[in-house]
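Every number for a ligand or one of its atoms is a count from 1 in the order of the listing. Residue numbers run from 1 in the order of the sequence given.
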Amino acid sequence: MIEKVIMAEHAGFCFGVRRAVNAISDSLSNNHDNREVWTIGLPIHNPQEVARLEALGLKVAKDADEVPSGAKVLIRAHGESLSVMENLKSRNIEVIDMTCPFVKKAQDMAANLSLENYYVILLGDKNHPEIKGILGHVADNKNAEVVADESEAEKVANHPKIALISQTTQREERLAKVAGILTRKSSELHVCNTICKATHERQQAAKELVRSNNVDGVILIGGKESANTGKLRDIIDSEGVSVLWIEEPEELEANSQWLNDKNMVGIAAGASTPEWLIDKVINNIAAKKVVKGV
Ligand code: SF4
């Protein structure tokens, strides 16, 4: 029986996601010119929030070509490649660019450093839209590659100049290790720490939650496709604390055995998890006391 629930100090929507989701909601609610409102790909890695936006009228395209001329497109926080932006603008599509400023910074670094003849290494998931967008800003795509981890970094060939740019949701420890490996591959290594503050705060808060509060387990709330939520799971796992990763409160019932074993649980949530969903989960846990962690 759970006696106490402790919330991580930082959990839920980050600045960039909140900004993009608010812009989408505003466009749908104040759509005076009656143009269709689209995003390319899911606006956020959270199925419940996507369902809410779709109910308001949002249309989700699988790629830029699916967006009809005359429509309105909101670029999600992950950003897009230069070629996608040019495609949209050439077809009389109104583009509202909600690329997170932290992602934009990584895109600009990729563009500028590749122009300065750096071979660009992106540390991240090559299938993630943020990484595809950053790659799409490199001046010459042939002068860049994506590495997922230390073992892939070991396989990078030597280059006179290397720029290392990180996916904004990477773990700091991994960026430091990959930077260490790449120092052996180049006489000039430029490391861009593009891990964003929101990611850092949520990762630190997850560590603090388990280290300072002696919790029996952590309920992690977030979309299963969310990269930053996955990193939080890895962090809590590596602290040796049991994690229950759920997307919505309905999953609690199926995990009643896990819950019954616990006295004090922590709550953590990814940067793409809306507050209304966190509140719903907490309301579904019959705990005597709910407090914010340190
Ligand atoms: S996690 Fe960071 S980089 Fe990504 S959208 Fe949020 S604030 Fe921006």
*Counting each atom of ligand 1 from 1 as listed, which ones have a heavy atom of Thr168 under 4.0 Å away?*
3 (S), 4 (Fe)

*Considering the options Glu201, Glu173, Glu239, which one meets the salt bridge (charged side-chain N to carboxylate O under 4.0 Å, His left out) requirement together with Lys207?*
Glu173

*Report, in ascending order of atom number, the atoms of ligand 1 lying under 4.0 Å from any heavy atom of Cys100.*
3 (S), 5 (S), 7 (S), 8 (Fe)

_Backbone N/O of Val215 and side chain of Asn213: donor-acceptor pair under 3.5 Å_ = no

*asked:* Please classify the Thr199 to ligand 1 contact at 4.0 Å (heavy-atom distances, strictly less than): side chain, backbone, both or neither.
replied: side chain

*Exercise: identify the closest heavy-atom pair between Arg35 and Asn92*: NH2-O, 3.9 Å

*Which one of Cys14, Ala198, Pro101, Ala20 has a non-hydrogen atom at the shortest distance from atom 5 (S) of ligand 1?*
Cys14

*asked:* When you measure from the side chain of Glu247 to the backbone of Lys224, do you find a donor-acceptor pair of N or O atoms at a distance under 3.5 Å?
replied: yes

*Closest approach of Val146 to Gly124 (non-hydrogen atoms, all atoms of both residues)*: CG1-O, 3.5 Å

_Under 4.0 Å to a heavy atom of Cys196 - the qualifying atoms of ligand 1, by number_ = 1 (S), 2 (Fe), 3 (S), 7 (S)

